[in-house]
Q: 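Could you have a look at this structure, given as C-alpha cells, before my questions?
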Amino acid sequence: MTVVLVSGTGTGVGKTVVTAAIATLARLRNASVAVVKPAQTGCRPGEAGDLQEIARLSGVGDDRLHEFARYPDPLSPEAAARVSGRPGLRLDDVTQRVRDLADRHDLVLVEGAGGLLVRFSVDGWTLADLARALDVPVVVVTAAGLGALNATALTLEVLAGCGLRPGGLVIGSWPRRPDLAACCNLHDLPAIAGEPLAGVLPEGAAGRPDFHRLATHGLGPKFGGRFDAADFTG
C-alpha cells in the first residue's frame, strides 16, 4: 500500500490532471487505486468536482472516489468553510480516513487544494501537516512559464523545512508554443529541485481522447511511465 499527496505551487497549475495521470498508470498496472479530495471548494451539491474529472480521465470507479467536505465558494477550504458556516475538517480525522483507505488499496492519491500551505480549518492545518502525519511523499505540480521558478523554490523549501519527502516535480501544462521563459525553465526547474523533472504533461491533456497515452509518455518511471527528462529538455 502506498499513499502519495499531490500539491501544487498554486491554483490552476494542473494538479487534477497530474493526479489523473498517476491514477491512470497505476490502473494500467492493475493496481487498486483510491483518490481522495479532502476538501472540494467552488462546487455546489450535485456539481462535478475534481474527483469526477479524475474518474473521467483515469477510469477510477465512483466507489473509490472520496471527498470529505464540499463548500460552494471558490476559496481556500478554511475560508470557504467559514463563509458557509460549516465546520472545517479535522487533521486527525482526515489522517485516519486516508490510512483506512491505504489498508484496502495499493495506491491512495490525495489531491490538495491550491498550494502546500493553504489552510483547511481554523486551527491552521495544511497539506504539509497531513503529509507529515502520514509520513508520505508529496508530488509538486508547477507551471511552465514566468513565475514558476520562485513559486517552485518556495514550495520545495517548505517541503525540506518540514522534513517532507518530495515525490517528484511535474510540469502540469506544457504550452503548445512555449515561450523563452518556459524553455529556460526546463533547465532551471531541475536545478531548483536537485533532480530531473518527473514529468511534463501537455496543455489541454484533459480534453484529449488519448489521455492514457499522454500519461504514459508524460510521466516518468517512478510513476510507471516512459517520460525521459533528458530527451525532453534536449
Q: List the atom of Gly114, the atom of Thr11, and the distance in Å for their closest heavy-atom pair.
A: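 In this case the closest contact between Gly114 and Thr11 is CA-OG1, 3.8 Å.
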Q: Could you walk me through whether Val136 and Val4 satisfy the side chain to side chain contact (heavy atoms under 4.5 Å, CB included) test, starting with their C-alpha distance in whole Å, then the side-chain angles of each, then the deciding distance to 0.1 Å, before giving a yes or no?
A: CA-CA 6 Å; Val136 297; Val4 175; over 6 Å; no
Q: Determine, using the 4.5 Å side-chain heavy-atom cutoff (strictly less than), whether Phe68 and Val3 are members of one ILVMFWY cluster.
A: yes
Q: Closer than 3.5 angstrom, by distance alone: can the side chain of Trp125 be matched with the main-chain N or O of Leu89 as a donor-acceptor pair?
A: yes
Q: Should the heavy atoms of other residues, nucleotides or ligands under 6.0 Å from CG of Leu154 be counted, would the total exceed 12?
A: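 Enclosed.
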Q: What is the minimum heavy-atom distance between Leu186 and Phe232, and which atoms define it?
A: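 Heavy atoms of Leu186 and Phe232 come nearest at CD2-CE2, 3.7 Å.
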Q: When you measure from the side chain of Arg64 to the backbone of Ala55, do you find a donor-acceptor pair of N or O atoms at a distance under 3.5 Å?
A: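 Answer holds: no.
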Q: Within the supplied structure, the quantity of interest is the number of heavy atoms (other residues, nucleotides, ligands) at a distance under 6.0 Å from Arg165 CZ; does it exceed 12?
A: yes
Q: To the closest 0.5 Å, what do you measure between SG (Cys43) and CG (Leu51)?
A: 9.5 Å
Q: Does Phe223 form a side chain to side chain contact (heavy atoms under 4.5 Å, CB included) with Val139? I'd like the steps, not just the answer.
A: CA-CA 11 Å; Phe223 302 115; Val139 174; 3.9 Å; yes
Q: Do the side chain of Glu203 and the main chain of Arg176 share a donor and acceptor less than 3.5 angstrom apart?
A: yes
Q: So, do Glu111 and Val35 sit near enough that their side-chain heavy atoms are less than 4.5 Å apart?
A: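 The answer is no, as the side chains (C-beta and beyond) never meet within the 4.5 Å cut-off.
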Q: Taking the side chain as everything from C-beta on, heavy atoms only, tell me whether Arg86 gets closer than 4.5 Å to Tyr71.
A: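 When only atoms from C-beta onward are counted, Tyr71 and Arg86 do touch, with a gap below 4.5 Å.
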Q: Going from CG on Leu169 to CG on Leu156, what distance comes out if it is rounded to the nearest 0.5 angstrom?
A: 6.0 Å
Q: Is there a path of hydrophobic side-chain contacts, each under 4.5 Å between heavy atoms of I, L, V, M, F, W or Y residues, that connects Leu127 with Val118?
A: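 No, separate clusters.
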Q: Check whether any side-chain heavy atom of Asp73 lies under 4.5 Å from a side-chain heavy atom of Thr41, and answer yes or no.
A: no
Q: Output yes when Glu53 and Arg56 qualify as a salt bridge under the 4.0 Å nitrogen-oxygen rule, no when they do not.
A: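 Salt bridge flag = yes for Arg56 with Glu53.
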Q: Give me the atom names and distance for the closest heavy-atom approach of Arg27 to Val60.
A: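 So the minimum-distance heavy-atom pair works out to CD-CG2, 3.6 Å.
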Q: Do other residues, nucleotides or ligands put more than 12 heavy atoms under 6.0 Å from Arg44 CZ?
A: no
Q: Quick one: pull up CG in Leu116 and SG in Cys162 and give me the separation to the nearest 0.5 Å.
A: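 Rounded to the nearest 0.5 Å, the CG-SG separation comes to 7.0 Å.
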Q: Check whether any side-chain N or O of Asp210 sits under 3.5 Å from a backbone N or O of Arg213 as a donor-acceptor pair, and report yes or no.
A: no
Q: Hey, what do you get for NE2 (His217) to CG (Asp231), rounding to the nearest 0.5 Å?
A: 11.5 Å
Q: Could you check if a side-chain atom of Val94 sits within less than 4.5 angstrom of a side-chain atom of Phe120, using non-hydrogen atoms only?
A: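 SC-SC contact between Val94 and Phe120 ruled out.
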Q: Can you name the nearest heavy-atom pair linking Pro196 to Ala229, along with the distance?
A: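 For Pro196 versus Ala229, the nearest heavy atoms are CB-CB, 3.8 Å.
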Q: Checking the side chain of Asn185 only, and the main-chain atoms of Asp188 only, is there a donor and an acceptor separated by less than 3.5 Å?
A: no
Q: Which heavy atom of Arg119 sits nearest to which heavy atom of Pro77, and what is that distance?
A: O-CD, 3.6 Å
Q: Among Thr19, Asp50, Thr16, whose side-chain hydrogen bond (donor to acceptor under 3.5 Å, both in side chains) with Lys37 holds?
A: Asp50
Q: Please determine if Asp93 and Arg97 form a salt bridge, counting it only when a charged side-chain N lies under 4.0 Å from a carboxylate O.
A: yes
Q: Can a donor-acceptor pair be found, under 3.5 Å and without considering hydrogens, that links the side chain of Thr152 to the backbone of Leu149?
A: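 Not a single qualifying donor-acceptor pair exists.
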Q: Determine the minimum heavy-atom distance between Ala206 and Leu57, stating which atoms define it.
A: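 Heavy-atom minimum between the residues: O-CD2, 3.5 Å.
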Q: Would Val140 and Leu159 count as a side chain to side chain contact (heavy atoms under 4.5 Å, CB included) if you check the C-alpha gap in whole Å, the side-chain angles of each, and the deciding distance to 0.1 Å?
A: CA-CA 10 Å; Val140 175; Leu159 280 179; 3.7 Å; yes
Q: Hey, does Val170 have a side-chain heavy atom less than 4.5 Å from the side chain of Thr142?
A: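 In short, these two side chains do not touch, never coming nearer than 4.5 Å.
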Q: Going from CG on Leu130 to CG on Asp135, what distance comes out if it is rounded to the nearest 0.5 angstrom?
A: 11.5 Å
Q: Any non-hydrogen side-chain atom of Leu201 less than 4.5 Å from a side-chain atom of Ile171?
A: no
Q: Tracing side-chain links under 4.5 Å among I, L, V, M, F, W and Y, which residues wind up in one group with Leu214?
A: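 Once heavy-atom contacts under 4.5 Å are chained together, Leu214 still belongs with nothing else.
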Q: How long is the gap from CG on Leu109 to NE2 on His66, to the nearest 0.5 Å?
A: 11.5 Å
Q: Taking the side chain as every heavy atom from C-beta outward, state whether Leu164 and Arg132 have any pair of such atoms under 4.5 Å apart.
A: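 They are in side-chain contact.
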Q: What's the verdict on side chain to side chain contact (heavy atoms under 4.5 Å, CB included) for Gln52 and Glu47, showing C-alpha distance, side-chain angles and the deciding distance?
A: CA-CA 9 Å; Gln52 285 67 45; Glu47 292 181 343; over 6 Å; no
Q: For the residue pair Thr95 / Asp92, report whether a side-chain donor-acceptor contact shorter than 3.5 Å exists.
A: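 No, because no side-chain N or O of Asp92 sits under 3.5 Å from a partner of the opposite role on Thr95.
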Q: Could you check whether any side-chain heavy atom of Asp106 comes within less than 4.5 Å of a side-chain heavy atom of Val33, counting everything from C-beta outward?
A: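 Contact flag for Asp106/Val33 side chains = no.
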Q: Can you list the residues that meet the side-chain hydrogen bond (donor to acceptor under 3.5 Å, both in side chains) rule with Asp100, with sequence neighbours excluded?
A: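 In terms of side-chain hydrogen bond (donor to acceptor under 3.5 Å, both in side chains), with neighbours along the sequence ignored, Asp100 is linked to Gln96.
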Q: As a quick check of understanding, evaluate side chain to side chain donor-acceptor pair (under 3.5 Å) for Ser32 and Arg104, giving each step before the final call.
A: CA-CA 8 Å; Ser32 170; Arg104 306 197 302 270; over 6 Å; no
